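Report on one structure; see the data block that follows.
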There are 2 protein chains.
Amino acid sequence: MAANSRVTIAAHALAWMELARRRGRAQLTSEEVAASVNTNPVIVRRSLGDLRRAGLVSTRRGTGAGFALARPASEITLLDVWTAVAAEPLIALHHTEPNLECPVGAGIRPVLAEVYDEATAAFRAKLAGQSIADVLERILQ
Amino acid sequence: MAANSRVTIAAHALAWMELARRRGRAQLTSEEVAASVNTNPVIVRRSLGDLRRAGLVSTRRGTGAGFALARPASEITLLDVWTAVAAEPLIALHHTEPNLECPVGAGIRPVLAEVYDEATAAFRAKLAGQSIADVLERILQ
DNA sequence: CGCCATAGTAACCATTTCTATTACAGCGGG
DNA sequence: CCCGCTGTAATAGAAATGGTTACTATGGCG
């Protein structure tokens, strides 16, 4: 299956929010974020809703509402983002239970699950090494 | 998105083929493999077709046809399998081009691509550390 | 030479997922 | 009370996935 782009959307939104904050605008509407990401404001509200539930951004409603980073950009890693919006297995196990009368069918699932978990942990560790502040720094050279 | 299970199907097929080989049957039909995986023989033929194109298995057609490992199970890693059947990005970039007039939109793609590549490389390295022979050993305890 | 088991593959289907869109209810500051 | 904006439901189209049927191609064997 094609991987989804939610981590990318969310990371883009956060980096843009951090740049806006440095320019004096700590709060952005979903429409302003959507204009940079080039997508629909509802997509942004959904993504940022995931980030809000994970405690990465705060939202205000009513007049003058919008989204703001809930903590310093240097303390939000891409792993935080990935966990908030896409905490799915990178490789799936069998759709249907394998034949348990075959020794391989009976024993393969926990073995593969462990290998996949280790590989996913290595993947996550790399994401944990990059914060939104790091990403923004590299964007701005 | 739900990840696909093709790596699991292919790894299962290969482990089962290696166990059959040790029991004296170096060649299995798609139906025999499908019976262990508990899926349709066509699914197995498609998966093993990917592995054949990658040089991991050999096939024979005609009467008495079937699939066999093309090299020792200890020399087929899960990375070989993953590359053969699922060489897709683990995280997608934007579906639509971001707004290039925004500094973040203009510069974020190569930065995220590099981070994703590094994380994927760590993921791949873990898969490279496990061969089909290793997996089968762990299945059989 | 023809039979036949089996790989290879096309076509189709149901299901799921993803992005996008419209619509509207809820909140809360002015 | 009004209005701008979030939150979210409903819907739709596109794409991927696993599954199924059906057909062609291959090649060993009688």
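Everything numeric here is computed off the predicted structure, so don't read it as measured data. Reckoned from all heavy atoms, side chains included, excluding hydrogens, waters and symmetry mates. Just so we're on the same page: letters track the sequence lines, and every chain starts at 1.
- The interatomic distance linking B/H95 (NE2) with C/dT21 (C1') rounds to 16 Å, in whole Å.
- Each of C/dG8, C/dA20, D/dG19 was ranked by its minimum atom distance to the side chain of B/T96; first place goes to C/dA20.
- If you measure from atom CZ of B/R45 to atom P of D/dC23, you get 14 Å, rounded to the nearest angstrom.
- Listed in residue order, the members of residues 52-66 of chain A having a heavy atom less than 4.0 Å from DNA chain D are A/R52, A/R53, A/T59, A/R60, A/R61, A/G62, A/T63, A/A65, A/G66.
- Judged by distance alone, the side chain of A/D134 and the main-chain N or O of A/S131 form a donor-acceptor pair under 3.5 Å.
- Less than 4.0 Å separates DNA chain D from at least one heavy atom of each of the following residues of residues 18-41 of chain B: B/T39, B/N40.
- Nucleotide D/dG19 holds its P atom 12 Å from the CG atom of B/N4, rounded to whole Å.
- Separating the CG atom of A/L93 from the C1' atom of D/dG18 is a distance of 16 Å, rounded to the nearest angstrom.
- With no hydrogens or angles considered, a side-chain donor-acceptor pair links A/T77 and A/D80 at under 3.5 Å.
- When the nearest nucleotides of DNA chain C are assigned to B/V42 and A/V42 by heavy-atom distance, the more 5′-ward of the two goes with B/V42.
- With no hydrogens or angles considered, no side-chain donor-acceptor pair links B/D117 and B/T120 at under 3.5 Å.
- The separation between B/I43 atom CD1 and C/dT9 atom P is 15 Å, rounded to whole Å.
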